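Heads up: the structure comes next, in structure tokens.
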There are 2 protein chains.
Amino acid sequence: MPEVVVRRLAVYLRILREADLSDNRFVSSAELGEWAGVTPAQVRKDLAMFGEFGKQGVGYQGRNLRDELARILNTDETVAVAIIGMGELGAALARYIQRRHAGNREYPFRAVALFDVDPAKVGVSVEGVAIDHLDALPERVREQKVKLAVVSVPAAAAQAVTDRAVAAGVRAILDFAPVKLRVPPHVRVHYADVSLELHQLAFYL
Amino acid sequence: MPEVVVRRLAVYLRILREADLSDNRFVSSAELGEWAGVTPAQVRKDLAMFGEFGKQGVGYQGRNLRDELARILNTDETVAVAIIGMGELGAALARYIQRRHAGNREYPFRAVALFDVDPAKVGVSVEGVAIDHLDALPERVREQKVKLAVVSVPAAAAQAVTDRAVAAGVRAILDFAPVKLRVPPHVRVHYADVSLELHQLAFYL
DNA sequence: TAGATTGTTAATCGATTAACAATC
DNA sequence: TAGATTGTTAATCGATTAACAATC
């Protein structure tokens with residue numbers, strides 16, 4: 001499945017989650033495309049890759065489409081997330097995720113495990129979740145069946161913690177460290193690299 | 001210029017900045033491609049869009065290529081950045097950027113202006129830069145000639161602060177709020193949307 | 001000179017858009 | 001039924017890869 005399609009599906013889902021979907025609100029590919037900034041044909045093609053969700057002449061039933069997309073993206077149930085590295089960024093991410101989950105039951109992500117190596121941080125709670133020592137990662141990841149991890153450690157440590165997370169069963173990683181991670185083919189990595197984004201934007205100045 | 005090319009240029013530049021470039025180290029498109037995870041042809045094509053930087057039979061002179069790329073990406077001189085929203089994420093970003101700039105003179109970005117609306121935060125210094133009230137944004141952006149801004153405010157406030165930043169002369173925005181921003185055509189927006197990334201990754205679980 | 005690698009053109013690949021028959 | 005909009009096929013567009021003459 002092309003990565004761009006998955007990205008757009010996530011956009012459609014967010015739009016539908018935010019939209020006010022009264023019981024029988026139908027949404028057309030034209031509307032959804034307008035909101036997402038893509039063509040109606042694009043919307044229909046993207047959705048058609050996963051099934052026939054619409055009714056000719058009417059459009060897509062909003063709530064149904066939202067639920068189908070959540071199912072496709074595996075966010076119809078709560079997704080357990082581990083955050084590795086409780087520096088300022090990691091702690092900010094942990095609080096962000098927990099608060100969104102607490103504030104809106106539809107928000108699927110929940111930080112169930114937090115890790116650091118600093119003894120001063122281990123044991124401290126962040127939004128009700130205790131920070132564990134990195135050495136406890138394999139055990140915690142296995143017992144909580146964590147499949148998705150956020151890496152927010154210094155660049156020099158990123159590959160090593162990634163290796164440990166992957167060995168423990170993690171299948172997808174969001175990496176904030178400015179390092180290209182080497183992982184086995186069954187593991188997916190996305191990069192959230194602030195400096196790279198700033199560099200790209202600087203081109204247009 | 002295709003956006004993917006600009007993205008790869010930024011990757012090449014980072015690689016060259018990190019590489020140990022002795023005086024006459026030459027780098028081939030094969031090497032650079034290997035490090036960046038793209039084909040040699042891709043590297044040559046990308047670079048050829050901006051000029052002829054290589055020597056046949058030899059490759060690209062590392063330091064020269066690095067400097068050329070920095071020039072193309074407008075990061076051969078320090079780039080002033082404003083950060084709007086000093087919540088946890090905003091503050092973490094401010095510290096990250098300042099520390100990298102302080103630690104490595106080659107790091108081009110510098111947070112020269114920080115903004116929030118919380119009276120408890122205004123006046124507080126973050127890594128030596130005082131937080132200003134949002135109302136001071138137009139004045140500060142103009143006097144510091146800030147062209148690049150980071151938006152790290154709550155979703156509900158993102159469009160409003162963007163409008164003010166754009167009115168003051170900002171040309172490129174890195175938006176951390178999960179909101180599609182509407183901006184005039186001469187303004188570039190990149191999104192750093194953690195929830196969207198997590199949603200995409202969840203697809204592969 | 002011989003070997004290597006660029007810059008560039010041509011071939012391939014894949015994604016987007018347009019068009020329209022199917023059908024609600 | 002008439003009007004609207006889907007699902008899908010065909011046409012277009014653009015980006016990637018392969019190939020090779022130019023040349024250091």
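Just so it is clear, the structure is predicted and the values come from calculations on it, not from any experiment.
- Residues B:Arg110 and B:Thr78 have side chains that never bring a donor and an acceptor to within less than 3.5 angstrom of each other.
- Residues passing the side chain to side chain contact (heavy atoms under 4.5 Å, CB included) test with B:Arg171 are A:Leu205, B:Lys147, B:His186, sequence neighbours excluded.
- Taken from NZ in B:Lys180 to CZ in A:Arg14, the straight-line distance is 10.5 Å, to the nearest 0.5 Å.
- Crowding of B:Glu34 atom CD: a count of heavy atoms from other residues, nucleotides or ligands under 6.0 Å not exceeding 12.
- A:Leu32 places none of its side-chain heavy atoms less than 4.5 Å from the side chain of A:Arg8.
- In DNA chain D, the stems built from three or more successive Watson-Crick or G-U pairs (distances below 3.5 Å) are C:3-24 with D:3-24.
- Under the side-chain hydrogen bond (donor to acceptor under 3.5 Å, both in side chains) criterion, B:Asp116 pairs with no residue, sequence neighbours left out.
- At a non-hydrogen distance threshold of 4.0 Å, A:Ser28, A:Ser29 from residues 22-32 of chain A come into contact with DNA chain D.
- At a non-hydrogen distance threshold of 4.0 Å, B:Arg44, B:Lys45, B:Glu52, B:Phe53, B:Gly54, B:Lys55, B:Gln56, B:Gly57, B:Val58, B:Gly59, B:Tyr60 from residues 33-62 of chain B come into contact with DNA chain C.
- Between A:Phe50 and B:Phe203, the ring-plane angle classifies as perpendicular under the 30° and 60° cut-offs.
- Looking at residues two or more places apart in sequence or on another chain, you find no side-chain hydrogen bond (donor to acceptor under 3.5 Å, both in side chains) involving A:Arg142.
- Partners of A:Ala136 according to the side chain to side chain contact (heavy atoms under 4.5 Å, CB included) rule, which considers only residues two or more places apart in sequence or in another chain, are A:Asp132, A:Arg140.
- In this structure, the separation between OG on B:Ser22 and CZ on B:Arg63 is 7.0 Å, given to the nearest 0.5 Å.
- Between B:Arg100 and B:Glu106 there is no salt bridge, since no side-chain nitrogen of the basic residue lies less than 4.0 Å from a carboxylate oxygen of the acidic one.
- A heavy atom closer than 4.0 Å to some atom of DNA chain C occurs in A:Val4, A:Arg8, these being the qualifying members of residues 4-12 of chain A.
- Nucleotides of DNA chain D lying under 4.0 Å from heavy atoms of chain A occupy a range whose first and last members, 5' to 3', are D:dA4 to D:dT9.
- Take A:Arg71 and apply the salt bridge (charged side-chain N to carboxylate O under 4.0 Å, His left out) test, not counting sequence neighbours, and it matches A:Glu68.
- Under the side-chain hydrogen bond (donor to acceptor under 3.5 Å, both in side chains) criterion, A:Arg25 pairs with A:Glu31, not counting sequence neighbours.
- Remark: B:Tyr107 engages A:Ser195 in a side-chain hydrogen bond (donor to acceptor under 3.5 Å, both in side chains) (not counting sequence neighbours).
- Under the 4.5 Å side-chain criterion, counting only non-hydrogen atoms from C-beta, B:His190 is not in contact with B:Ile173.
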